[in-house]
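Chain A is the first sequence line, chain B the second, and so forth, proteins listed ahead of strands; every chain is numbered from 1.
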Amino acid sequence: MSAGETDVRPEEIQAAAIAGLLEGARHVAVGMVSPIPGTGALLANERSGGGTRVSILGSKKTTFWTNGGSELFDLAGRGRLDAFFLSGGQIDGGANVNLVGVGDYPEAKVRWSGSFGSAYLYFVVPRVILFRWEHTRRTLVEKVDFVSAPGTSEPGVHRPGGPIALITNLCLFDFQREAGRFRLKSLHPGVTLEEVRDNTGFDFDLPEHLAETPTPDADTLSLIRGPVARRIADVYPVFARQVFGIEPAAA
Amino acid sequence: MSAGETDVRPEEIQAAAIAGLLEGARHVAVGMVSPIPGTGALLANERSGGGTRVSILGSKKTTFWTNGGSELFDLAGRGRLDAFFLSGGQIDGGANVNLVGVGDYPEAKVRWSGSFGSAYLYFVVPRVILFRWEHTRRTLVEKVDFVSAPGTSEPGVHRPGGPIALITNLCLFDFQREAGRFRLKSLHPGVTLEEVRDNTGFDFDLPEHLAETPTPDADTLSLIRGPVARRIADVYPVFARQVFGIEPAAA
Amino acid sequence: MTVQHLADAASLAALVPSGARIGVTKGEQTDVPMAMALELVRRGVTDLDLVTIPTCAFPASGMMLDILVGAGCVRSVETSGVSMSELGAAPRFSAAVKAGTLKVVDATCPAVYAALQAGAKGQPFTALRGLIGSDLMAHRDDWAVVANPFEADDPVALLKAINPDVTLFHAPMADRHGNVWIGRNRDLLTLAHASDMTLVTVERIVDGDLMEDETLAPAVIPNFYVTALAEAPGACWPQQADGTTDLDAVRAYMSAARTEEGFRDWLAAHVFARPEAAE
Amino acid sequence: MTVQHLADAASLAALVPSGARIGVTKGEQTDVPMAMALELVRRGVTDLDLVTIPTCAFPASGMMLDILVGAGCVRSVETSGVSMSELGAAPRFSAAVKAGTLKVVDATCPAVYAALQAGAKGQPFTALRGLIGSDLMAHRDDWAVVANPFEADDPVALLKAINPDVTLFHAPMADRHGNVWIGRNRDLLTLAHASDMTLVTVERIVDGDLMEDETLAPAVIPNFYVTALAEAPGACWPQQADGTTDLDAVRAYMSAARTEEGFRDWLAAHVFARPEAAE
């Protein structure tokens, strides 16, 4: 490990892992208030020389809709969106996602904002990347209280899409669609398997060889800290200031 | 009958009859290449002081779509189109309309252009006015060879719309929706019941009192020959020259 | 069919009856009908059924919805998301859900769009992929799963069309004929097609006929679909005509609305005490 | 996903394979892709399935369809109307139907639009009022009647979605990024969304980025949906850039095409003999 890599931030490791999951994607959309997925997607865009198109929702500069808010979903329905990110107040071991609340629906002990596009995009986007930075038994649960979007579907249900991975502040899981279960893929630097087990509310499989999530190499880091950081600062100024110490370009 | 009315043209009598059928309509659409319905609709517009809005399809000046070609059908589906005109290569005694051709479909002895919007608008537009100037046994048949749009529907089929009348170069029929039959309403000046019977391929009912289609009064004629003729000349210059002897205003 | 040109947001809001089903967009663009919403609060309108197209999860739209809910104007909200975006949760909305005083009809964005588009066409329902197996589907009696008649073993969700009684929005400009220019904000056009009444505040009224300008006409809602409008600059507050949102105003609201008392004080200061509220 | 900028209509047409399902609009606006169509004739493409959105019943569009049919390029036409409008019937189309050499899939305009809109959304089918009891319905295996699940005793027609392999059209302008401005011709946008490939000739290429002009952007098909385009002024002939159509050219065609021999002569003179046809 070179000297420059020792001060790599967790956000950079996570973004690089995300970019790895996006290889070869032609079009990636990033939901609002998702700075790390946005960083990963823009890194994929830079690495691909622009071949991977990135749409950051809510940002005029990086979206191109001219047919109203349904256009994102329409192009996804047409197979024109290869990857999307989804988070959840709760995510369970079957990759079911809950964005609605805690408690016996419709009663709610805690009410979250709502399901947004999850119950559709999860079915039609080939690579849905789940992310939830808070890796605890509160967020990664055995069974969600409300299924905003199911992780898997009955045979016969049209489902070209679905989850491929879950990334947290501790580790990266693969999702095995046939089995309907997560498999640990890599631990972020310094994280132990024990720690992951202790903080995960669901059971998961182990890989033959448990790897460490790679620390980005120098080339990748210079992309992240250079062009990617400058672009992310236009969309997420607070995040860019905190992580990269840079300000958005004057409008 | 005043002296001025003796030289009233058949097109003027027919247009005035059509305007009578449009009373109280908020929005009337006229298909392409329909100068007499267009004249009748614009007369209704003038008489209503603009209350009856007229859209002449294919004419930029009198249509207002900004959502593509489906907008006419969409607003009709929403109940926002009160009246429409429909013709047919064949029209039968049940008000079924054939716009496709003569012969055993899909084989065709004669092929017409096609059904256009008939199979939808006939169901959802409250006042559909059928017109067919050539009143012969070739055009007004007992049973059409192909039903582009049916005159009536089975109970249970959503059908707020349908035919209300049929106007030809000989007469005006009412359509009785419950009975599914035409009833002669009035004969155009100089036409006999015998003549209508001889030239009609279907059986129809007679009214208690058989009237003559009214010749427009002087006020109506001056509207037709004044503002209506000038407006129709912009859309149908050949027709306006023939009937009203006027040219379109310089563009 | 003639567009009524009214004096102000209050005159527009006066056309909205209690019990109406109201359509509003997500507020990503500068279109939040805050002035009309506050007039509904002043009038004490009740039992509104809000339909958000498809969310109210931007600071200004979330705030508007939160105020209407907090003031007791709302019976139900059909939505795919309610929040103040990065500023946090909508306080009175969350409180009402917890208290069980507000019915939430949970949806997902593309289902709202598809159902609204069916409504704009006057069709009874439409089909949408996805949804099957979600708890959203389990709780919606206006969604159903049927067999695709053109494909073996292919269940598909059908969604009943959405047709609001009234649509409320703010737009950049209109002409004196009542044509409204909406730019790339196409959802407003779909909403106007789908709704029985469309009430619009605009930043400014321009001379001429927007429909006769070939570059502007493609982004116009023709006057045919507009019930009434009023020139009311700033009626989208806390959104601002330059496209930004006064986030300090939203934060101040959120801070006040953390409690019922704070919310009442906010209403007293910002809605009932405003001089232009005097009738 | 990058738009290919090609040299001319011939290079675009070279991307269209025999057997493709081709979408074209009705030609009410200045969008008829005649130059590309004539290149398909030159190449001797066969077995095309044409879908007209929803008709080809204007002089230039009817003529284009008639030429493709007469030249033997077409296997089937799905349409709600084919004619030269007030100039009369489409001669080679009518002859082919009578001879039984062309399959016509008869439709009705709103059904084509609704099915195309479902296609543009990637949905399997959609619902439409009307149609029931027509002979159109009787002859379509991609239309079906089902029970409305939300209403008792309410049969509703379902229509399988339309997704052309290729859309061809002419447009007023594009930029160097491949964004295409279409004005009020919204059907072109729906077609591009619904189709796998979109090939466009444009009257002119302009500098700058159409998506960054707030008045033009609402009427733009973003480059994301455009496969390839070429600057080819007049490629909509006999339509003309000023919005009119050279009706004398259409009449001359119709007169020639009354007979098979006359049509062959017309092709020889206007398609195969044109210098730019030399490859």
Side-chain angles (χ1 to χ4, degrees), chain A residues 32-33 35 57-60 63-74 76-77 96-101 103 105-125 144-161 236 238-239, chain C residues 25-26 28 52-58 62 79-86 89-90 93-98 100 103-114 116-117 128-139 145 148 151-156 184-190 243:
Chain A
M32 302 206 299
V33 204
L57 307 188
S59 151
K60 249 188 196 169
T63 53
F64 54 81
W65 330 133
T66 59
N67 202 31
S70 77
E71 185 169 346
L72 169 73
F73 306 105
D74 295 348
N96 299 301
V97 171
N98 175 5
L99 291 154
V100 160
Y105 188 85
E107 266 111 77
K109 275 181 263 176
V110 180
R111 167 78 204 190
W112 296 315
S113 49
S115 302
F116 292 88
S118 62
Y120 179 78
L121 293 175
Y122 215 26
F123 285 76
V124 299
V125 177
V144 294
D145 288 357
F146 183 95
V147 179
S148 287
T152 54
S153 296
E154 298 289 310
V157 171
H158 178 84
R159 185 151 193 183
Y236 303 110
V238 177
F239 173 83
Chain C
T25 56
K26 63 178 180 286
E28 180 171 7
T52 71
I53 311 301
T55 57
C56 276
F58 284 86
T79 191
S80 309
V82 173
S83 79
M84 267 73 154
S85 190
E86 71 270 21
F93 169 79
S94 304
V97 175
K98 264 196 222 175
K103 185 182 174 193
V104 180
V105 181
D106 270 291
T108 182
C109 302
V112 176
Y113 282 121
L116 185 75
Q117 287 163 344
L128 192 74
R129 290 297 189 190
L131 312 184
I132 296 171
S134 72
D135 281 338
L136 298 168
M137 175 66 87
H139 288 85
V145 178
N148 180 349
E151 209 68 62
D153 297 323
D154 183 22
V156 180
R184 279 165 71 180
N185 202 349
R186 201 87 192 161
D187 297 350
L188 298 178
L189 182 135
T190 310

Given side chain to side chain contact (heavy atoms under 4.5 Å, CB included), test A/W65 with C/R186 step by step and report yes or no.
CA-CA 10 Å; A/W65 330 133; C/R186 201 87 192 161; over 6 Å; no
- Task: Decide whether C/D106 and A/Y105 meet the rule of one side-chain donor and one side-chain acceptor closer than 3.5 Å.
- Result: yes
Note: vs chain A, highest number of non-hydrogen pairs under 4.5 angstrom among C/P54, C/G133, C/A114 is C/G133
For C/T108 and A/S118, the nearest pair of non-hydrogen atoms, with its separation, is OG1-N, 3.8 Å
Greatest number of non-hydrogen atom pairs under 4.5 angstrom with chain A, of C/V104, C/N185, C/V156, C/L131, falls to C/L131
For this session: Answer yes or no: is there a side-chain heavy-atom contact under 4.5 Å between C/E86 and A/Y236?
Result: no
dist A/N98:CG -> C/S134:OG (nearest 0.5 Å) comes out at 11.5 Å
Applying side-chain hydrogen bond (donor to acceptor under 3.5 Å, both in side chains) to A/S153 and not counting sequence neighbours gives A/R159
Across all chains, not counting sequence neighbours, the salt bridge (charged side-chain N to carboxylate O under 4.0 Å, His left out) partners of C/E28 are C/K26
One option among A/A76, A/G114, A/P155, A/G101 has the most heavy-atom pairs under 4.5 Å with chain C, and it is A/G114
**Prompt:** Yes or no on side chain to side chain contact (heavy atoms under 4.5 Å, CB included) for C/C109 and A/F73, after CA distance, side-chain angles and deciding distance?
**Reply:** CA-CA 8 Å; C/C109 302; A/F73 306 105; 3.5 Å; yes
Value for OH (A/Y120) from OG (C/S80), rounded to nearest 0.5 Å, stands at 13.5 Å
Under 4.5 Å to a heavy atom of chain C? For A/S148 that would be backbone
Honestly, the part of C/A90 sitting under 4.5 Å from a heavy atom of chain A is neither
All heavy atoms of C/A57 vs all of A/M32, minimum pair found to be O-CE, 4.4 Å
Residue from C/T79, C/V145, C/V82, C/T25 scoring the most non-hydrogen pairs under 4.5 Å with chain A is C/V82
- Task: Start with the C-alpha gap between C/Y113 and A/E71, add the side-chain angles, then the distance that decides, and say whether side chain to side chain contact (heavy atoms under 4.5 Å, CB included) holds.
- Result: CA-CA 10 Å; C/Y113 282 121; A/E71 185 169 346; over 6 Å; no
Taking every heavy atom of C/R184 against every heavy atom of A/T63, the minimum-distance pair comes out as NH2-O, 4.1 Å
Do any N or O atoms from the side chain of C/D187 and from the backbone of A/G69 form a donor-acceptor pair under 3.5 angstrom? yes
In short, C/K98 meets A/V110 closest at the heavy-atom pair CE-CA, 4.5 Å
Under 4.5 Å to a heavy atom of chain A? For C/P110 that would be both
Ranked by heavy-atom pairs below 4.5 Å to chain A, first place among C/D153, C/L188, C/I132, C/L189 goes to C/I132
Between A/S70 and C/Q117, the two heavy atoms sitting closest are OG-NE2, 3.1 Å
Heavy-atom nearest pair, C/D154 first then A/H158, reads OD1-CB, 4.0 Å
